[in-house]
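See structure below.
Numbers restart at 1 for each chain; the letters A, B, ... are given by sequence-line order, proteins then strands. Worth saying up front: this structure is predicted, and the values here are computed from it rather than measured.
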Amino acid sequence: LLKMLGKCMSILSTVFTTKHPADSLVEMAKDQFYRRGSFNSYQSNTSDEDMVEIADAPLDFSLADDVPPLDREPQEGYTNHNGAGMNGASKIMDFLDEPIPGLGTYEDFNTIDWVREKSRDRDRHREITSKSKESLWALIKGLSDAFSGWLVMLLVGLMAGAIAGLIDMASHWMTDLKEGVCLVGFWYNHEHCCWTSDETTFEQRDKCPQWKSWSELFLDQSEGAGAYILNYFIYVSWALAFAFLAVSLVRVFAPYACGSGIPEIKTILSGFIIRGYLGKWTLIIKTVTLVLAVSSGLSLGKEGPLVHVACCCGNIVCHLCAKYRKNEAKRREVLSAAAAAGVSVAFGAPIGGVLFSLEEVSYYFPLKTLWRSFFAALVAAFTLRSINPFGNSRLVLFYVEFHSPWHLLELVPFILLGIFGGLWGAFFIRANIAWCRRRKTTKLGKYPVLEVLVVTAITGIIAFPNDYTKMSTSGLISELFNDCGLLDSSQLCDYINDVNSTKNIDDLPDRAAGKGVYMAMWQLALALLFKIFITIFTFGMKVPSGLFIPSMAVGAIAGRLLGVGMEQLAYYHHDWIIFRGWCSPGADCITPGLYAMVGAAACLGGVTRMTVSLVVIMFELTGGLEYIVPLMAAAMTSKWVSDAIGREGIYEAHIRLNGYPFLEAKEEFTHRTLAMDVMRPRRNDPPLTSLTQDGMKVEDVETIINETTYSGFPVIVSKESQRLVGFVLRRDLIISIENGRQRQDGIVSTSLIYFTEHPPVQLPNNPAALKLRSVLDLSPFTVTDHTPMEIVVDIFRKLGLRQCLVTHNGRLLGIITKKDILKHIAQMANQDPDSIMFN
Amino acid sequence: MAVGTVFMVLYLLVELAVSDSSKSSEDVRCKCICPPYRNLTGHIYNKNVSQKDCNCLHVVEPMPVPGRDVEAYCLLCECKYEERSTTTIKVTIIIYLTVVGALLVYMAFLMIVDPLIRKQDSYIQPLHNEEDTERLFCPGSLLAGGVGRMGPVGVQSPASDTRPFAPSHAQARANTVLERVEGAQQRWKRQVQEQRKTVFDRHKMLS
């Protein structure tokens with residue numbers, strides 16, 4: 001265990017160093033921000049914090065000289081001169097004076113400003129800290145605020161675990177409902193129906209009199225053509241009914257519940273707002289329809305959607321607690337942890353879940369979130385375990401446990417499996433994206449219900465005759481992972497036993513394959529072909545559909561085929577030079593189940609391009625530490641191969657297909673363009689729309705708001721000087737003006753609006769002026785027009801900026817938004833820049 | 001939203017309580033699988049014993065081999081102690097079916113009954129509003145105007161003829177609660193409509 005932990009920690013530390021720059025940059029920015037605050041010394045107690053923070057960020061000292069000379073200006077001049085005294089204290093005061101509902105929120109399909117959200121949270125936190133010194137009640141409130149994060153995690157874990165248990169049980173039951181029904185209680189699935197039965201035999205261990213197949217129930221015969229046709233018909237009918245129910249529920253109640261959800265979660269975690277995507281209706285419908293979709297026998301899994309379900313839980317729990325309800329950045333921390341809980345219950349792999357959240361879905365993942373994810377994953381796994389959905393005291397159906405050693409030479413077939421996984425991953429991504437694009441652009445997309453029904457019918461009709469496609473996909477994986485012993489009587493384990501063998505049961509020698517194994521090989525090969533093709537058309541349909549299980553199944557089938565092949569090769573040719581020495585007759589040298597596992601990892605890696613989390617998930621599934629190296633080799637090879645063919649994983653490909661504003665952190669921007677090439681306005685456009693800090697009337701501002709669609713406006717000192725004061729968001733502006741008109745006396749269309757500290761001097765008979773300093777962001781990020789785009793992209797990526805202003809000689813010149821950057825990147829990659837649809 | 005969370009937590013507590021308390025006789029088993037041995041075929045033994053008794057010697061009855069072979073035979077057998085909770089299974093499946101049933105009923109309601117009600121509503125709604133304003137602003141003309149207008153539609157209860165004020169208050173309150181529910185439902189429907197357009201018609205997302 002220690003060894004494993006050590007490995008985990010080293011993995012973690014490497015991952016962290018890659019993500020850390022973002023953190024330290026943010027810290028840096030904050031330091032800059034607050035140090036100025038303390039420079040102006042409104043609040044002496046912040047300086048303590050600053051000292052600590054500065055000490056934490058060594059980079060900061062090098063920047064100290066770069067801090068603009070503004071800081072060294074005399075204090076009064078600084079604050080009076082352009083009103084840009086950047087002190088957190090006054091900001092807090094303003095917020096406290098007039099809390100306007102709706103201020104600081106975002107509209108649907110907008111991008112959040114991480115920097116602003118985080119600074120707001122710090123303001124809030126500082127306020128609580130300073131208050132808690134005053135009274136006991138405030139102290140308790142402060143403590144409960146600090147504790148609420150963990151409480152939220154606890155609730156998320158409980159909910160995610162409970163829902164996963166429900167999904168597991170219900171889908172297991174409904175899958176078996178396609179074949180028959182239990183007479184002692186309709187709620188039992190096949191396995192539980194025969195649980196206490198004494199009549200099960202060694203050969204047909206799933207047969208018992210309590211469980212009736214449909215033909216036994218209606219025709220009173222279990223064999224024969226009539227019974228087969230009836231069973232066939234009922235199987236397909238149930239599948240169609242489930243699929244139809246699923247797609248119509250999705251269509252009527254929650255269209256957002258379809259698909260895997262991971263691309264959207266990734267986009268949301270990177271700071272995009274999709275209202276309703278994580279709502280309660282989505283949660284209910286996704287849970288219900290996921291069961292239906294899985295049990296309809298479609299080639300899809302429940303793992304990806306479970307991540308979405310867990311994130312819905314996270315979002316809903318966030319509403320209980322003001323700290324997370326009001327702050328989008330804080331809420332995303334909870335969602336990151338919820339994603340970890342989702343994977344934790346999907347695979348029964350808590351640590352794998354945390355790493356999955358870190359490697360695959362999260363955008364901003366500080367250490368605090370890591371610990372919270374850890375806790376949430378733990379609670380979720382514990383909850384699921386206590387529900388015990390499979391009745392085997394395990395968290396997943398395909399848990400396996402084998403400890404047979406592997407030989408170094410076996411790395412060659414493992415790498416071959418890695419290559420297969422990579423090829424399959426790349427092929428799948430290409431084909432699936434092409435098909436989804438077809439669905440998006442052609443008439444095919446007009447018939448979502450019909451599409452689901454047709455695919456289900458095809459799946460059902462082809463799947464039924466083959467035993468390995470007829471069973472549920474996770475059941476198939478479980479059987480493929482299983483190592484054949486004397487106790488197994490399935491077709492796949494039909495080996496010819498040496499009767500005289502007195503060996504112990506635990507180390508069976510390699511045996512010759514019997515007739516059943518050859519038969520199973522044929523069936524598995526057909527199942528492999530079927531799964532490969534049907535999954536392409538299934539993923540992306542308008543039902544909840546995950547990708548993990550089908551790709552694992554493809555890999556596991558391929559791996560098992562190769563494993564059995566190797567085993568028989570070694571059995572019949574143990575005198576070959578490669579087998580000599582380690583595979584002598586009577587030795588147990590090749591474990592086909594291990595090959596299936598490695599193949600599953602390779603295929604999953606090829607599709608999703610995960611590495612670390614994938615290996616951890618796999619070894620948590622198997623509980624065998626000695627297989628880390630084979631799994632790593634396969635995962636790495638498959639990543640190399642698939643990366644060589646196509647650069648992006650399935651989730652990134654879907655993000656790009658849908659044009660979500662997601663700034664990929666993994667890719668480098670290498671083009672030599674400058675900020676001035678990207679910024680708006682372009683060369684021949686009219687100048688940037690901006691507001692002046694005083695001297696504009698309410699009606700002027702309203703005209704600007706009505707005539708433009710920009711989501712924010714820079715505020716400048718005056719039209720002549722074009723010197724920058726700050727940035728104000730359109731939504732905040734609208735809300736505050738409306739609020740001012742309603743609540744404040746004497747605000748009319750001709751009232752002045754001012755963003756300065758003190759009201760401008762005006763004639764006594766003029767109407768009262770409206771102060772909007774509280775909505776002004778006094779610390780917008782600026783770059784000069786000659787900044788290379790590589791740096792700008794980096795700043796956006798690491799700080800999570802929404803927009804950045806461009807200056808030239810200190811004069812405001814233009815603005816770069818995240819959308820501009822995404823369009824620019826698309827343009828540079830010779831793609832259609834208009835495919836980025838949202839802001 | 002809070003209700004949902006509370007419900008989830010309750011469900012969880014029930015599950016936990018159920019899985020702990022009711023270990024009925026059919027919830028534990030000791031299953032021994034014995035592979036083929038000499039001329040014996042493989043066999044599965046299933047018995048309801050406690051965990052410490054879960055081994056070949058206690059479960060395999062009657063022993064198919066003579067005394068001296070018992071040890072060898074039992075070495076081959078694998079015994080596993082397993083627990084489950086039948087109540088949890090039952091409760092879960094029934095909860096799930098209830099939810100699906102409720103959703104189906106609601107779906108049918110939204111697709112079949114609701115349009116019919118809406119059609120009637122479009123006649124009632126304007127009159128209703130007018131009447132409300134009249135009540136508010138000129139209480140004197142309330143009876144004549146209100147009942148007279150409501151008459152043909154036939155919604156007003158006869159009681160309001162005799163006691164004009166009490167029922168109108170009660171109705172107003174019921175109205176506001178109903179209206180609030182109605183409003184929330186309308187808002188939700190609009191949202192879903194919007195989502196459907198984004199996902200199914202315009203194919204902007206999730207395709």
Side-chain angles (χ1 to χ4, degrees), chain A residues 155 158-159 162-163 165-166 169-170 173 185 187-188 192 195-198 200-203 205 245 248-249 251-256 258-259 264 274 276 280-281 284 288 291 316-317 319-320 383 386-388 391-393 436 439-441 445 448 486-487 489 497 504-505 540 542 657-658 837, chain B residues 1-2 4-5 8-9 11-12 15-16 19-20 25-26 29 33-36 38 41-48 72 75-78 82-86 88-90 92-97 99-100 103-104 106-107 110-111 188 191-192 194-196 198-201 203-207:
Chain A
L155 286 176
L158 286 175
M159 274 175 85
I163 291 180
L166 189 140
M169 284 185 182
W173 174 68
W187 52 84
Y188 290 124
H192 283 294
W195 213 70
T196 46
S197 170
D198 276 331
T200 48
T201 57
F202 185 76
E203 279 74 31
R205 57 184 69 181
L245 203 53
S248 26
L249 283 177
R251 199 186 154 94
V252 171
F253 291 116
Y256 282 171
C258 65
E264 285 76 24
I274 308 179
K280 52 182 181 304
W281 272 101
I284 296 172
V288 168
V291 174
I316 288 168
V317 174
H319 278 277
L320 299 176
T383 312
S386 45
I387 291 176
N388 192 8
N392 60 357
S393 308
C436 284
R439 185 186 289 128
K440 203 179 169 82
T441 50
L486 286 174
L487 301 174
S489 65
N497 283 314
N504 192 3
I505 185 165
K542 295 284 180 278
L657 175 75
N658 285 312
M837 278 174 208
Chain B
M1 228 157 266
T5 321
M8 281 307 305
V9 173
Y11 166 72
L12 198 78
E15 298 261 287
L16 289 181
S19 59
D20 275 349
S25 62
E26 53 178 11
R29 72 169 175 188
I33 307 177
C34 295
R38 304 251 163 108
T41 53
H43 215 286
I44 293 181
Y45 299 91
N46 219 341
K47 214 172 175 196
N48 188 355
L75 262 179
L76 291 174
C77 292
E78 190 183 64
E82 285 177 326
E83 280 177 58
R84 65 166 181 177
S85 161
T86 43
T88 311
I89 295 173
K90 195 159 117 187
T92 309
I93 298 294
I94 288 173
I95 285 180
Y96 179 76
L97 287 179
V99 171
V100 172
L103 284 174
L104 273 179
Y106 191 38
M107 186 161 79
L110 282 184
M111 297 184 112
W188 170 71
Q191 280 169 7
V192 175
E194 201 51 47
Q195 293 182 8
R196 210 172 298 146
T198 319
V199 176
F200 283 93
D201 300 337
H203 296 282
K204 264 186 150 181
M205 279 177 63
L206 288 159
S207 43

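Here the side chains of Lys542(A) and Val199(B) are in contact, with some heavy-atom distance below 4.5 Å. Side chains of Thr201(A) and Thr41(B) form no contact here, defined as non-hydrogen atoms less than 4.5 Å apart. Side-chain atoms of Thr196(A) and Asn48(B), non-hydrogen and from C-beta on, never get closer than 4.5 Å to each other. At a threshold of 4.5 Å between non-hydrogen side-chain atoms, the residues Phe253(A) and Arg196(B) do not count as touching. Contact check for Thr441(A) versus His203(B): no side-chain heavy atoms found under the 4.5 Å cut-off.
Within the 3.5 Å criterion, the main-chain N or O of Glu83(B) finds a donor-acceptor partner in the side chain of Asn388(A).
Both the backbone and the side chain of Tyr106(B) come within contact range of chain A, each with at least one heavy atom under 4.5 Å from a heavy atom of that chain. Of the atoms belonging to Ser197(A), it is backbone heavy atoms, and not side-chain ones, that fall under 4.5 Å from chain B. With a 4.5 Å cut-off on non-hydrogen atoms, Gln191(B) does not touch chain A at all. Of the two parts of Leu103(B), the backbone and the side chain both hold a non-hydrogen atom closer than 4.5 Å to a non-hydrogen atom of chain A. Proximity to chain A is limited to the side chain of Tyr96(B), based on heavy atoms less than 4.5 angstrom apart. Using a 4.5 Å cut-off between heavy atoms, Trp281(A) contacts chain B through its side chain alone, with no backbone atom that close. With a threshold of 4.5 angstrom between heavy atoms, Val99(B) approaches chain A through side-chain atoms but not through N, CA, C or O.
The two residues Ile93(B) and Trp173(A) come nearest to each other via the heavy atoms CD1-CB, 3.6 Å. When all heavy atoms are compared, the tightest approach of Glu82(B) to Trp195(A) is O-CH2, 3.4 Å.
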Residue pair Tyr188(A), Lys90(B): steps toward the side-chain contact (heavy atoms from CB on, under 4.5 Å) verdict: CA-CA 8 Å; Tyr188(A) 290 124; Lys90(B) 195 159 117 187; over 6 Å; no
